[in-house]
Amino acid sequence: MTTESENQEIQNKIRNIATELLNSKKVDVIIGYVNGTIPLDASIDFIWNSNQVNKLVWNNKCYLNLAKFLVSKEPQLQNPKDKKLNIGIITKGCIGRSLIQLYTENKIDFAQIKMIGINCNGIIDRNRIVKELGEVEILEINVIENDIVVKFMNLKGEELIKKFPFSEYLSRSCKNCKIKTPSSTNVPQSSCYGDFQNVSNVEDSFNDLNEFEKLNFNERFNYFEKMFKLCTNCYACREACPMCYCNLCFIDQNKPTWFGKTNNIYDIMAFHITRAIHLAGRCVDCGACSQSCPAGIDLNLITRKLQKIVKNRFGYTAGIDPKIKPPLTDFKLDDSEEFMLEE
Amino acid sequence: MIILKTKILNKNDIGKLIIELSEDYNFYAPLKNENGILIFDKVFNIKDVILDYFNSKFPPKEILFPRTEELFKFKTDGKNIIEIINQPRTDIKNIIFGIRGCDAHAFNLMEKFFKSGNFQDDLFLIKKQNSILIGIGCNLPKSTCFCTSVGGDPFNKNYTDIFLSDLGDKYLFEIISDAGKKLLDKIEWLVDAKESDIKNAENLAKKSRTLFKQTLDLKDINTILDNQFNNTLWNSLTNNCIGCGNCAFICPTCTCFDVIDEFYPSKNIGRRIRVWDSCQFDIYTLHASGHNPRNNKIPRFRNRILHKFLYYPLNYGFLGCVGCGRCIQICPANNDLRNTLQALKLDKINKEKMEVKK
C-alpha cells in the first residue's frame with residue numbers, strides 16, 4: 001500500500017467517524033486538521049456541524065499536537081450555556097499518548113472525550129526539506145505514491161519539481177515512533193472510535209541518540225550553545241507542547257524574576273534545559289516543538305534523551321496506560337537513591 | 001521621486017565595495033546562519049553575502065531594535081540607588097545592504113512610531129539616523145507577499161538611501177537621499193549608468209508588479225474594522241492560534257518591548273534592559289494587581305489585528321503592516337492574516353445587507 005493511498009484511507013476514516021459522532025450528537029465539536037493556506041502547513045479548525053466534515057484532512061503535514069487544545073490555559077472551546085462540551089479529537093499515536101499522559105496528570109476526563117484513532121503514517125520533516133531546497137519558494141507539497149513531490153520556484157522564476165523519498169524525509173520523532181496507532185489499554189472503550197491497539201510494553205533502543213551521547217561534556221555544551229544561539233525566544237515550543245500547560249510558565253515568573261528573558265545564550269539555555277527537565281518522563285515524542293520552531297532547532301532531541309533516562313531507570317513509557325502512575329509523581333520504597341548525598 | 005544620481009555597480013565589484021565601506025561602517029547584509037536560514041547579519045566574509053534571494057526569513061529589524069537592549073546601569077548601596085550610569089551614546093554607523101523595499105518601509109514606520117508622542121525613543125532614532133539603507137528591487141515576489149496592497153512596491157525606493165536593481169551581471173545603483181550621495185564620495189569609482197540600463201530596470205519593476213498573486217483590498221480597512229471589537233467572529237478566527245510569539249517576532253514593524261531590571265545583589269549593581277515582547281504572550285498587559293484585561297487568546301489576537309489595521313491608521317495615519325507576508329509563512333498553526341481580514345470584511349458586508357433588508 002502506498003503512502004498516498006494510506007493518506008486517502010485515513011482521511012476517509014476521519015470523515016466517516018466524524019460525521020457519525022456529530023450526527024449522533026455524541027460530540028458537540030471535533031478538533032481536527034484542515035488544509036492550510038501555504039504548502040508547508042496544515043491548519044487546525046473546530047468542526048461543529050456534520051456538513052463541515054469534508055474540511056477535515058490528513059496529509060502528513062499535520063504536525064501540531066491537538067491535545068494542546070484541551071489543556072490551553074483559557075478554554076477556547078466554550079459552550080455559551082456553560083455546559084461541559086463533548087469533544088471529538090483526531091488521535092494519531094502521539095496525540096493518544098498525550099491524552100493518556102494528561103489523564104494521569106488529572107488534566108482531562110475521558111468521559112468528555114471521544115478519540116478518533118488513526119493509523120498514523122508519519123509527518124514530513126519540513127525543516128529538512130526547506131533547508132535542502134535552499135533559496136526557493138515552495139509552491140506545492142503532495143505525497144504521491146511513496147514520494148514527497150515538491151513543486152517549487154527558483155530564483156529565475158522557473159517552476160521545478162523535486163521528489164523526496166517519504167520514509168527518509170519523515171521527521172526524526174516519526175522515524176523512531178513505536179506507537180503509530182493510539183493505545184487503548186485501560187482507556188474507556190466508550191471514548192475510542194477508529195483504530196486503536198493494546199500496548200503494554202514499548203521496546204525502544206533510542207538509537208537516534210547515539211550520536212548525541214558520544215559527545216563529551218564540553219562537546220555537548222558546545223552543541224547546546226550552537227543550537228540555542230538561534231533561538232528567538234518566541235516560545236512556540238512551549239505553546240505547541242501539550243505537556244506545557246502551567247498556568248504561569250517559570251520563564252514568565254516576574255514577582256520575583258526566576259529566569260532571564262534576554263537573548264543571552266545562558267538565559268536561552270536555562271529556559272530550554274529547564275523546560276526539558278520538566279518534561280522528563282512526560283514527553284510523548286510528538287515532535288511538535290521541533291516542527292514549530294522558526295529557527296529549526298531540534299528541541300525534541302533533549303526531551304528524548306530524558307525519556308531514555310526515565311525508561312532505563314523506571315521502565316516507564318509516557319502515555320500508554322492510564323492506570324500506571326508516572327514515576328516522577330510517585331514513589332516506591334525500593335526506588336534507587338544513589339543520587340542522594342550522604343551527610 | 002527625484003533620483004540624485006544613477007551609477008552602475010558591476011557584480012564583480014561587490015567585494016571591493018563592501019571592503020571599502022566596512023572601514024567606516026558596520027556592514028550588514030543578507031547571509032545564511034548555521035541552520036541555513038537567511039538572516040541579516042554583520043559581514044565578516046564577502047563570500048557569505050547572498051543578494052539573490054526571495055526575502056530573508058527574519059527581518060533586519062534586530063539591527064536597529066535588538067532583542068535585548070541595555071537602557072542604563074545602576075549602583076546601589078544595598079538599599080537605595082546611588083548612581084545611574086547612562087549608556088554612552090556612540091555614533092556607530094551602519095550600512096544595511098540588500099534590504100527589500102518592504103523592510104525599508106518598515107524601518108520608516110518604526111521611526112515614525114518611535115518619534116511620535118511626548119517622548120522620543122533616542123535609542124532607536126539615533127541608530128536609525130546613523131544607518132544607510134541600500135535597498136534592492138524584488139524581482140520575484142513570493143505568493144504570500146502583498147506589499148502593493150499596503151502602499152508598498154517591490155521596487156519601493158522611498159525609504160532607502162541607495163537602491164539597486166539587478167540587471168544580470170551588474171546593478172543599477174541609484175542614489176536616492178543626501179546621505180546616499182555622501183556615501184558615493186567614498187566610492188567614486190562607480191561608472192555612470194546608460195539610458196538603456198535605466199530603461200531595463202524600469203521594465204524589471206513593471207514585470208515584478210505583475211507577478212503578485214493577490215491584492216488585498218485594504219483601502220477602507222478602518223471603516224471595516226471599526227465597531228468590530230465585540231464581534232463574535234474573533235472567537236472562530238482565533239481557533240487555531242497556539243499563542244506563541246512568532247508573528248510578532250517575525251514582524252518588521254512590531255515595536256513592543258518589556259522593561260526588566262536585572263540586579264546582582266552580591267555586587268550591588270544592576271541594569272535596566274528592554275527585551276522584545278509579543279501581544280500573544282500570557283503576561284502581556286498583566287497588571288500588578290494580577291488582573292489582565294486581555295486574559296485569553298481571543299482579545300490578544302484581536303489586539304494584534306486591530307493594532308496594525310485600525311489603531312495605527314487612527315493614531316498615526318498609516319497602516320502598521322508592510323505586506324512582507326512573513327507572519328503567514330511562519331505561523332505554526334497557519335493562522336493566515338489574509339483570511340482574517342477577508343473574513344472580517346465579508347462579515348461586515350453581510351451584516352450591512354441584513355440591515356438594509358430590515
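Throughout, a chain's letter reflects where its sequence line sits, starting with A, and its residues are numbered from 1. In this text, all values refer to a predicted model and were calculated from it rather than measured experimentally.
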*CG-CG distance between A:Leu155 and B:Leu51, expressed to the nearest 0.5 angstrom*: 11.5 Å

*With no hydrogens and no angle check, is any side-chain donor or acceptor of B:Lys32 less than 3.5 Å from a backbone partner on A:Gly134?*
no

*Rounded to the nearest 0.5 Å, how far apart are SG of A:Cys234 and CD of B:Gln280?*
12.0 Å

*Best-contacting candidate, B:Ile330, B:Asp52, B:Asp258, against chain A by heavy atom pairs under 4.5 angstrom*: B:Asp52

*Out of curiosity, B:Leu140 CG to A:Met153 CE, how far, rounded to the nearest 0.5 Å?*
5.0 Å

*How far apart are the closest heavy atoms of B:Ile260 and A:Lys261, and which atoms are they?*
CD1-CB, 4.3 Å

*Distance from A:Thr232 atom OG1 to B:Trp276 atom CH2, nearest 0.5 Å?*
8.0 Å

*Please assess B:Val275 against A:Asn263 for the test side chain to side chain contact (heavy atoms under 4.5 Å, CB included), listing each intermediate value before the final yes or no.*
CA-CA 8 Å; B:Val275 297; A:Asn263 64 350; over 6 Å; no

*Has the side chain of B:Asp336 got a donor or acceptor atom that lies under 3.5 Å from a matching backbone atom of A:Thr37?*
no

_So which atom in B:Phe54 and which in A:Glu135 form the shortest heavy-atom distance, rounded to 0.1 Å?_
N-OE2, 2.9 Å

*Heavy-atom donor-acceptor pair, A:Tyr63 side chain to B:Pro332 backbone, under 3.5 Å*: yes

*Go through the steps for A:Lys229 and B:Glu34 under the test side chain to side chain contact (heavy atoms under 4.5 Å, CB included), then give the verdict.*
CA-CA 10 Å; A:Lys229 203 169 73 185; B:Glu34 287 94 330; 2.6 Å; yes

_Between CZ on residue A:Phe69 and CG on residue B:Asn239, distance to nearest 0.5 Å_ = 8.0 Å

